[in-house]
Amino acid sequence: MPIAGKSLVYTFDNANAPETHKTQYFEVIANRAFYKDGWMASTTPKNLPWQGHPVPTEDPVKDYKWELYDLTKDFTQSNDIAAKNPEKLKEMQKAFMEEAEKYKVFPFDDRYIDRVNPENRPKFNVGRTEYVFHQGLSRITEGMAPNLKNTSFSIKADIDVKEGDEGMIITQGGYFAGFALMLQKGNQLFLMHSHIIQIINGLSSLHQH
């Protein structure tokens, strides 16, 4: 997948090199902005950053107010001159839409936490009680993985172990919580929430084949 944009390497040896990155679009949760040749057009945010479940707008394309700034004279963006320069604002809005089309920004969606809620995605783990995973599997999304929250479970691992071997057998979780079953210094370790819950000493407890 090609990476869009321009290299900044030319500035490393010359901090005063003329700017070559003339345009830049922005879009985050339907908040939009467009920079071109010293001008900045941007939408006024409808929701505060800490509002996790804002009421979505009916039409994110049309329901946002736009602001306009001349950054060559007002780099702090304290003087909105959109009302005095309607044609310039239209030019910047049109340019933004062209960039949005080019870089697959559509559709706009100003929902926040609702967009990343796993409950909104297809779930293939509902009703399942047994999973089989094979060597080489690196990542499974939450909707595909076993749901082990607030329930008892068991793990059976069929592995080949030589003396001195260490490493992860299986791990599941994310930023806030998770578990790991591993071999470390001749022990099987089970860790939960970064606290050691159980340590089985030695490899003798492993079933030999």
Side-chain angles (χ1 to χ4, degrees), residues 1-124 138-145 172-178 194:
M1 180 177 178
I3 299 177
K6 291 185 177 293
S7 172
L8 299 177
V9 173
Y10 73 95
T11 66
F12 293 174
D13 296 325
N14 182 7
N16 298 315
E19 181 183 19
T20 64
H21 192 61
K22 301 291 186 179
T23 62
Q24 178 65 55
Y25 83 87
F26 306 85
E27 190 276 332
V28 178
I29 317 177
N31 294 294
R32 284 147 281 157
F34 187 71
Y35 169 85
K36 183 178 180 181
D37 297 327
W39 289 87
M40 173 73 83
S42 55
T43 56
T44 306
K46 281 183 169 287
N47 302 293
L48 298 173
W50 51 85
Q51 290 179 305
H53 299 279
V55 177
T57 56
E58 184 174 339
D59 186 348
V61 175
K62 298 180 180 179
D63 291 349
Y64 278 68
K65 178 179 178 289
W66 281 78
E67 304 169 6
L68 180 68
Y69 300 96
D70 181 355
L71 300 185
T72 63
K73 302 174 182 177
D74 177 26
F75 69 91
T76 62
Q77 296 178 247
S78 57
N79 183 24
D80 178 10
I81 56 176
K84 297 179 180 178
N85 298 271
E87 294 304 316
K88 186 65 178 179
L89 179 60
K90 289 181 181 179
E91 173 192 329
M92 298 287 283
Q93 290 172 318
K94 181 175 182 292
F96 171 87
M97 295 298 280
E98 291 171 351
E99 293 291 285
E101 178 71 27
K102 179 179 179 181
Y103 294 110
K104 314 297 183 186
V105 179
F106 300 115
F108 299 138
D109 186 347
D110 56 5
R111 293 173 299 164
Y112 186 22
I113 292 178
D114 296 332
R115 292 175 61 178
V116 298
N117 185 354
E119 296 301 316
N120 294 332
R121 306 170 193 162
K123 295 182 284 292
F124 299 94
S138 60
R139 183 178 181 184
I140 304 173
T141 59
E142 186 171 358
M144 302 284 287
Q172 182 179 353
Y175 184 84
F176 296 103
S194 299

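This structure is a prediction, so every number in the text was calculated from the model and none was measured.
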Using every non-hydrogen atom in the two residues, find where Asn31 and Lys46 come nearest and quote the distance to one decimal.
OD1-N, 4.3 Å

Basic-acidic side-chain contact under 4.0 Å: Lys84, Asp70:
no

Closest heavy-atom pair, His21 versus Tyr35, reported as atoms and distance to 0.1 Å, is O-CE2, 4.2 Å

Under 4.0 Å between a side-chain nitrogen and a carboxylate oxygen: does that hold for Glu98 and Lys94?
yes

Restricting to non-hydrogen atoms, name the atom on Phe34 and the atom on Thr23 that form the minimum distance, rounded to 0.1 Å.
CZ-CB, 4.0 Å

Whether Tyr103 and Tyr25 hold their rings parallel, tilted or perpendicular, with breakpoints at 30° and 60°
parallel

Measuring from Gln93:CD to Thr43:OG1, what's the distance to the nearest 0.5 Å?
10.0 Å

Residue Asp37 excluded, over 12 heavy atoms near CG under 6.0 Å
yes

Those residues at least two apart in sequence (or on a different chain) that pass salt bridge (charged side-chain N to carboxylate O under 4.0 Å, His left out) with Lys88 are Glu91

Search all heavy atoms of Ala41 against all heavy atoms of Leu89 and return the closest pair with its distance.
CB-CD1, 4.0 Å

The reported gap from CG in Leu8 to OG1 in Thr20 (rounded to nearest 0.5 angstrom) is 7.5 Å

Measure from the side-chain N and O atoms of Arg115 to the backbone N and O of Ile113, and report whether any donor-acceptor pair falls under 3.5 Å.
no

Between Thr76 and Asp74: side-chain donor-acceptor atoms closer than 3.5 Å:
yes

For atom CD of Glu19, decide whether the heavy atoms of other residues, nucleotides or ligands shown that lie under 6.0 angstrom number more than 12.
yes

What closest approach, in Å, do Tyr69 and Ser78 show between heavy atoms, and which atom pair accounts for it?
CE2-N, 4.0 Å

Approximate separation, where rounding is to 0.5 Å, of Trp39 CH2 and Ile81 CD1:
4.0 Å

Crowded around Phe75 CZ? As in, over 12 foreign heavy atoms under 6.0 Å?
no

For the atom pair CZ (Arg111) and OG1 (Thr57), what is the distance rounded to the nearest 0.5 Å?
11.0 Å

What distance do Lys65 atom NZ and Asp80 atom CG have between them, rounded to the nearest 0.5 Å?
4.5 Å

Of the non-hydrogen atoms in Gly52 and Tyr112, which two are nearest, and what is the gap between them?
O-CB, 3.4 Å

What residue among Asp109, Asp63, Asp110, Ile29 forms side-chain contact (heavy atoms from CB on, under 4.5 Å) with Pro56?
Asp110

Between atom CD of Glu27 and atom CZ of Phe108, what is the distance when rounded to the nearest 0.5 Å?
6.0 Å

Are Ser42 and Phe26 close enough, and set up right, to give a side chain to side chain contact (heavy atoms under 4.5 Å, CB included), and what steps lead you there?
CA-CA 9 Å; Ser42 55; Phe26 306 85; over 6 Å; no

